[in-house]
Enquirer: 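The structure under discussion is supplied below as C-alpha cells; questions concerning it will follow.
Read the numbers this way: they start at 1 and go in the same order the structure lists the ligands and their atoms.
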Amino acid sequence: MKRVGVIGGGQLAWMMAAEAAKLELELMVQTPSLSDPAVARLAGEHFVMQGAVGNVAATAHMAASCDVVTFENEFVDLDALGKLATLGHRFYPTLKSLTPLLDKYEQRQLLREVGVPVPGFADLSAVGPGLTHCENGDAVQFPVVVKTRRNGYDGQGTFVVKSLAALEERCEKLAHQSLLVEEFVPFTKELAAIATRNVSGDLAVFPIVETQQEDQVCRRVIAPAHLSTTARDKAVAIAQTLLEKLEGVGTYGIELFLTADDRVLVNEVAPRTHNSGHFTIETCVASQFEQHLRAVADLPLAPAKMIVPAAMMVNLLGFESAEFDAPEGGYGDRLSQIRALPHTQVHWYGKLASRPGRKLAHVTLWTLDSEEIQDLENRAKQIEKIWYKF
Ligand code: ADP
C-alpha cells in the first residue's frame, strides 16, 4: 500500500480522498483544522497533519510517513520545500516543475517560451502605470487586465481596467504587490483542458470543456464544449505540449480563451486538480482525482473519456455570510430539491461557514440521451433558481 500526502485539506482533497480507496492508496492531508472538508473522508484523525499550507515543519512530518507528497493548493513555499526534497522526500508535481507556475508573470514567460499562445503581457512593476507598450512591442490598448502576480484565485487579484487614469488608480491601490498587466481578450468562450501525465510520461486529456464565469468566478461547466474540430485540436495540443515541456506529473487544469477567429490562448495553468474537472467524477471512466492519484503513484492512467453524451457542472456559491449550525448550513431544503432532479448529483463540501462567492458545493448533471443535450442548460438554470431562490 502506498501512502500519498496532500498539502491542503479543502474540497479538492475531499474529492481525492473518495478515490484513494479504489486504488488501495492511503491518503493523509496537511490542513489547519480538523473541521476542514477532507478530514471527514480520511481513515482516521491520524491521517491528518494539522498545519497551514505554508507550514513546512508540518509537511516534513507528513512527508516522513508518505511515499509521495502532492498538492491541493499550489501557493506553497517552494524554497523551504526544496530542503525536504534534498532529504529524499518525493513531491509530485516536482518542485522544479512548479517553480515557473506560481507567479503569473513568470508563468506567462514560460508559456511564451514553449510556444504556447498567450495574451500580450508586461510586468507592470517594471514599466509602471505610464505603460504604453507590451513586451512584444504592441501599443497598449484599453481595456487591459491587471493581475496580482502571486496567490490570486477566483478572480480575487484580477481587475479589468478601462483607462490610463483607472490604471494609475489601480496601481496605487495595489502598490505593495507585484503586478502583471495583459491584453484584454475579447473571448467568445472560456474553455478548460484537464490533463494528466504520470511518472512514466503517459498523458491523457479529458474532453475540452466550456467554463462560464460571472464576476470572474466559475459558475458552470459544459462538457464537452461545443467547438470546431480545429479549436478542440488546438486546446488538446496546448495541454499536451505544456505537460510534456514542464515534465508535469499529476492532473493539471489549463484555463483557455477561445476567440471569434478560433484562436486558443492560455489564461492560466493550475498545477493541480481543478474546478472545471469536477464533472469527471460521475461522467468519465475515471475522475480527474483518480487520474491524479494514478499519476503521482506511478500507476497507468485510465482513459480520459466520458461515459455519457454530455454533462454540466454547476457551482453552488455562498450568497450570504453565515456560520453553519447544521450539517448543510440550513440549506437542506434547497439541496433536497436539487437532489430530487433526475441524473443529478450534489457534492456538499461540509464547510462550516458561508460567505458571498465561496464555493460550498457543486452539482453534476448529465444526460443519457444525446437528443436532450440542449436541455442541460435549462436544467442548470433550474438548479441555480432553487439554490439562489431568484
Ligand atoms: P484567478 O487566477 O484568480 O482565477 P484569472 O486570471 O483566471 O483569475 O481571471 C479570472 C477571470 O477573469 C477569467 O476567467 C476571465 O473571465 C477574466 N480574465 C482574466 N484575464 C483576462 C484577459 N486577459 N482578458 C479577458 N478576460 C480575462
Enquirer: Nearest to atom 3 (O) of ligand 1, what protein heavy atom do you find, and at what distance?
Expert: G155 N, 2.6 Å
Enquirer: For the residue pair R3 and F47, establish whether any side-chain heavy-atom pair is separated by less than 4.5 Å.
Expert: yes
Enquirer: Can you pull out the closest protein heavy atom to atom 24 (N) of ligand 1? Residue, atom name and distance to 0.1 Å, please.
Expert: V185 N, 2.8 Å
Enquirer: For the atom pair CD (E320) and CZ (R358), what is the distance rounded to the nearest 0.5 Å?
Expert: 13.0 Å
Enquirer: In terms of ring plane angle, is the pair F257 and F187 parallel, tilted or perpendicular, where the classes change at 30° and 60°?
Expert: parallel
Enquirer: Test the R170-F159 pair against the cation-pi criterion, namely NZ or CZ under 6.0 angstrom from the six-membered ring centroid and within 45° of the ring axis.
Expert: yes
Enquirer: Please list, in number order, the atoms of ligand 1 under 4.0 Å from a heavy atom of Q213.
Expert: 14 (O)
Enquirer: If you have a sec, work out which protein heavy atom is nearest atom 8 (O) of ligand 1 and how many Å separate them, to one decimal?
Expert: T158 OG1, 3.2 Å
Enquirer: Supply the atom-to-atom distance I338 CD1 to R379 CZ, rounded to the nearest 0.5 angstrom.
Expert: 12.5 Å
Enquirer: Between N267 and ligand 1, find which residue part has any heavy-atom pair under 4.0 Å and reply side chain, backbone, both or neither.
Expert: side chain
Enquirer: With atom 23 (N) of ligand 1 as the reference point, say which of K147, Q216, K104, E182 has the nearest heavy atom.
Expert: E182
Enquirer: Going by the order shown, which atoms of ligand 1 are within less than 4.0 Å of some heavy atom of E190?
Expert: 13 (C), 14 (O), 15 (C), 16 (O)
Enquirer: Closest non-hydrogen protein atom to atom 22 (C) of ligand 1, residue and atom name please, with distance?
Expert: V145 CG2, 3.5 Å
Enquirer: Give, for atom CD of Q107 and atom CG of L101, the distance between the pair rounded to the nearest 0.5 Å.
Expert: 5.0 Å
Enquirer: Short list, please: which atoms of ligand 1 are under 4.0 Å from a heavy atom of E255?
Expert: 7 (O)
Enquirer: Looking at D202, is its backbone amide N or carbonyl O close enough to the side chain of S200 to form a donor-acceptor pair, meaning the two atoms are under 3.5 Å apart?
Expert: no
Enquirer: Are any of the N or O atoms of F187 closer than 3.5 Å to those of ligand 1?
Expert: no
Enquirer: Measure the distance from atom 18 (N) of ligand 1 to every protein heavy atom, then report the residue, atom name and distance (to 0.1 Å) of the closest one.
Expert: F257 CZ, 4.0 Å
Enquirer: Would the distance check show the side chain of E72 and the main-chain N or O of G10 forming a donor-acceptor pair, the cut-off being under 3.5 Å?
Expert: yes
